[in-house]
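Remember, predicted model here, so these are calculated numbers, not experimental data. Proteins come first, then strands; the chains are lettered A, B, ... in the order of their sequence lines, and each starts at number 1.
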There are 2 protein chains.
Amino acid sequence: MAVTDEAIEKIKGMIVSGALRPGDRLPKESELAAGLGLSRNSLREAVRALSLIRILDVRQGDGTYVTSLDPQLLLEALSFVVDFHRDDTVLEFLAVRRILEPAATAMAAVRISEQQLDALTAQLDRLGESPSVEDLVACDLEFHRGIVHSSGNSVLCSLLDGLSGPTTRARVWRGLTQEDAVARTLREHRAILAALRDRDAEAARSWATVHIASVEQWLRSSL
Amino acid sequence: MAVTDEAIEKIKGMIVSGALRPGDRLPKESELAAGLGLSRNSLREAVRALSLIRILDVRQGDGTYVTSLDPQLLLEALSFVVDFHRDDTVLEFLAVRRILEPAATAMAAVRISEQQLDALTAQLDRLGESPSVEDLVACDLEFHRGIVHSSGNSVLCSLLDGLSGPTTRARVWRGLTQEDAVARTLREHRAILAALRDRDAEAARSWATVHIASVEQWLRSSL
DNA sequence: ATGACCTGATACGTCGGAGGTCTTGAGCGC
DNA sequence: GCGCTCAAGACCTCCGACGTATCAGGTCAT
């Protein structure tokens, strides 16, 4: 195994074992390199790799720190990976979302706060009747993010966030090619919100399923 | 933005845009570095980072290649990230698994082949009545992997694979501390398998839910 | 002719050192 | 007390050199 890979493993080990805790500062590059028995150049490769996946946070002029290691932060790296998938796997991502999102929406139905409900309502009102496609998609993303956040499971939240990336582009196409997509989306959002307000988990789950299934159906027929 | 980060983005761009396709070979380090306008050292940091998350495959003495970019391969990186999570987020991972696994099992019920069913049966038979805890956990992992694989969704498959890491350790503790855990696990596996053989998606889903919920319940009470 | 073996070219792996740039905080003047 | 200056510390980038692994092609014995 290459020295750089060893260094990655060792740093990982220090974090997992608790020797380095979230927010801790690493020794400076030259010291750490000496400590791990490799050159500064090779160590930098290891640090850079861990920094890409948000394990380490490197600040020029300051030092290198262990991140908070929050699921939210770490799963951000997922979206980077997801970006590499071609269109032929979008359907598979969507299928996973179709499983997770209804479940998250149902969970949110029993946990979401009144303030959050009001905020979501205000957001939908602000969008108006016939928004631009870009606004709609952005709002759509925000809407679902808000709901999933209320599920109370940060892993679930981050996972859906990462998975939503590839389907976002698809939704833009849809808005451009399907006439009633805008009105339909708005209608379904209202329905989901109403179900949440009623604390009706099953209705919320069903509307979320319908919502995603409609995107999936369109995508499947147009590929 | 640092030159290394630029390089990462540029290489990513070359792949996403299709200029570099899966299996393609990159120019040698010195040429690529010159092409991207940075030093070989800095480029190596970019390549190393992309190699950690399985975007690139570097072979000493040969060259650097774009990987297959299979979801399975790319989501392997997920397990690396998941390893960093402490025990207090295991419950959240388990909650996500509780959503995905029953759905995957239900999907498998209508798609799994007879050969696969026979293989799973043989695997359970081979384990015997009172296996060691390690054997049981390994077998458990393999059992679920086989079923999820039959769901036909490779993204779902890889995701569950990555998510199962942190709960594996938990299951080992469980086997060590809870007397009837072994027998119970075996019983539930048989039930899931029977449901799959009956092509009964709902029964399969329910048994999978029960199976995971029992782990979750024990874990929740023991933390 | 075929196979194993050797060898050179090629490309990645590692290293040490030299400047450059950014952040931080102490010290100074208003 | 407040704001500014400046020097120290730490990361950023680069260069050039050498080590090591892989592969292709030629050589030689069978």
_Working note: Gln72(B) + Ser158(B), criterion side-chain contact (heavy atoms from CB on, under 4.5 Å); need CA distance, chi angles, decisive distance, verdict._
CA-CA 5 Å; Gln72(B) 182 180 357; Ser158(B) 308; 3.6 Å; yes

*Check Val47(A), Leu32(A), Ile11(A), Asp24(A) against Thr64(A) for a side-chain contact (heavy atoms from CB on, under 4.5 Å) and give me the one that passes.*
Val47(A)

_Determine whether a donor-acceptor pair (N or O, by modelled atom type, separation under 3.5 Å) exists between the side chain of Thr121(B) and the backbone of Leu117(B)._
yes

*Listed by chain and number, what are the ring pair (Phe, Tyr, Trp, His ring centres under 6.0 Å) partners of His189(B), not counting sequence neighbours?*
Phe143(B), His144(B), His211(B)

*Would you say Asn153(B)'s side chain and Leu156(B)'s backbone share a donor-acceptor pair under 3.5 angstrom?*
yes

*Sub-3.5 Å donor-acceptor pair from the side chain of Ser42(B) to the main-chain atoms of Ser39(B), do we have one?*
no

*Do the side chains of Phe84(B) and Val66(A) get nearer than 4.5 Å, heavy atoms only?*
no

*Strand contacts (DNA chain D) in residues 25-40 of chain A, 4.0 angstrom heavy-atom criterion*: Arg25(A), Lys28(A), Glu29(A), Arg40(A)

*Does Glu31(A) have any salt bridge (Lys or Arg N to Asp or Glu O under 4.0 Å) partners at least two apart in sequence or in another chain, and if so, which?*
none

*Listed in order of residue number, which residues of residues 41-56 of chain A have a non-hydrogen atom at under 4.0 Å from DNA chain D?*
Asn41(A), Arg44(A), Arg48(A)

*Spell out, as yes or no, whether a donor-acceptor pair under 3.5 Å connects the side chain of Thr4(B) to the backbone of Ala46(B).*
no

*Give me the residues of residues 1-15 of chain A where at least one heavy atom lies under 4.0 Å from an atom of DNA chain D, by number, or none.*
none

_Residue list, salt bridge (Lys or Arg N to Asp or Glu O under 4.0 Å) with Glu92(B), at least two apart or on another chain_ = none

*asked:* Could you check whether any side-chain heavy atom of Ile15(A) comes within less than 4.5 Å of a side-chain heavy atom of Leu69(A), counting everything from C-beta outward?
replied: yes

*Mind jotting down which residue pairs meet the salt bridge (Lys or Arg N to Asp or Glu O under 4.0 Å) criterion with at least one end in residues 104-114 of chain A? Sequence neighbours excluded, please.*
Glu114(A)-Arg197(A), Glu114(A)-Arg199(A)

_Qualifying residues under salt bridge (Lys or Arg N to Asp or Glu O under 4.0 Å), relative to Glu9(B), sequence neighbours excluded_ = none

*What one-letter contact string describes nucleotides 20-25 of chain D from 5' to 3', where B marks a base within less than 4.0 Å of any protein heavy atom, S marks contact via sugar-phosphate atoms alone, and - marks no contact?*
BBBS--

_By side chain to side chain contact (heavy atoms under 4.5 Å, CB included) - contacts of Ala49(B) (at least two apart)_ = Arg48(A), Ala49(A), Leu52(A), Ile8(B)

*For Glu76(A), check salt bridge (Lys or Arg N to Asp or Glu O under 4.0 Å) against everything at least two apart and list the hits.*
Arg54(A)

N/O to N/O distances under 3.5 Å, protein versus nucleotides 3-7 of chain D:
none

